[in-house]
Amino acid sequence: ADSYVTALARVRETPFDVVLADIWMPEPDMESLAAIRSLLPDATLAVMSSLDLEQARVLVSGVDGVDMVLSKRTAPEEIAAALERRREPT
């Protein structure tokens, strides 16, 4: 999705198992991120950022249920593997 508004519309239409959101999509919108969590309580909710990971964690700290904060500097294969591990039953 190109924005949180578009992402919310898609989440309302499709029960995704994983949502990977760019914090700056196109700007931070923690209210919409919280709405996505509310609509998909069992999905893995991960955010990506070019910020330092600690800064990104602080930015999303007000949103209950963000499962993962990932760096945009991480290789796509590593991101996919991390998301798969997160979805595995414990």
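Note that the coordinates shown come from a computational prediction; the quantities given were computed from them, not determined experimentally.
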### Nearest atoms (heavy-atom pairs only) where V69 meets A56
CG1-CB, 3.6 Å
### Task
Determine, using the 4.5 Å side-chain heavy-atom cutoff (strictly less than), whether Y4 and M68 are members of one ILVMFWY cluster.
no
### Task
Could you tell me whether the side chain of L8 reaches within less than 4.5 Å of the side chain of L39, counting heavy atoms only?
yes
### For A7 against I36, the heavy-atom pair lying closest together
CB-CD1, 4.1 Å
### Message
I want to check something: taking the side chain as every heavy atom from C-beta on, are R37 and D64 in contact at a cut-off of under 4.5 Å?
### Response
no
### Over all atoms of both residues, closest heavy-atom pair of P41 and S38
CD-O, 3.6 Å
### Query
Under a single-linkage rule joining Ile, Leu, Val, Met, Phe, Trp and Tyr whose side-chain heavy atoms are separated by less than 4.5 Å, which residues share a cluster with V58?
none
### Query
What distance separates E78 CD from L83 CG, expressed to the nearest 0.5 Å?
12.0 Å
### Query
Do V63 and L59 sit in the same hydrophobic cluster, where Ile, Leu, Val, Met, Phe, Trp and Tyr count as joined when their side-chain heavy atoms come under 4.5 Å apart?
yes
### Task
Indicate, with yes or no, if M48 and L51 share a hydrophobic cluster defined by side-chain heavy-atom contacts under 4.5 Å among Ile, Leu, Val, Met, Phe, Trp and Tyr.
no
Do any side-chain atoms of residues 20-34 form donor-acceptor pairs under 3.5 angstrom with protein atoms, and if so which ones, sequence neighbours left out?
{"from": "D22", "atom 1": "OD1", "to": "W24", "atom 2": "N", "distance (Å)": "2.9"}
{"from": "D22", "atom 1": "OD1", "to": "K72", "atom 2": "NZ", "distance (Å)": "3.4"}
{"from": "D22", "atom 1": "OD2", "to": "K72", "atom 2": "NZ", "distance (Å)": "2.7"}
{"from": "D29", "atom 1": "OD1", "to": "E31", "atom 2": "N", "distance (Å)": "3.4"}
{"from": "D29", "atom 1": "OD1", "to": "S32", "atom 2": "N", "distance (Å)": "3.0"}
{"from": "D29", "atom 1": "OD1", "to": "S32", "atom 2": "OG", "distance (Å)": "3.3"}
{"from": "D29", "atom 1": "OD2", "to": "S32", "atom 2": "OG", "distance (Å)": "2.7"}

### Message
Would you say that D17 contacts T44 through its side chain, given a criterion of any heavy-atom pair below 4.5 Å between the two side chains?
### Response
no
#### Entry: Partners meeting salt bridge (charged side-chain N to carboxylate O under 4.0 Å, His left out) with R86 (sequence neighbours left out)
D67
### Query
Just by modelled atom types, is the R73 backbone N or O under 3.5 Å from a matching donor or acceptor in the S71 side chain?
yes
### Task
Flag yes if I79 and L45 sit in one hydrophobic cluster, no otherwise; membership is Ile, Leu, Val, Met, Phe, Trp, Tyr, and two members link when side-chain heavy atoms are under 4.5 Å apart.
no
## Note on the structure
In this structure, CZ of R87 is separated from CG of D42 (nearest 0.5 Å) by 8.0 Å
### Task
Supply the atom-to-atom distance S50 OG to Q55 CD, rounded to the nearest 0.5 angstrom.
9.5 Å
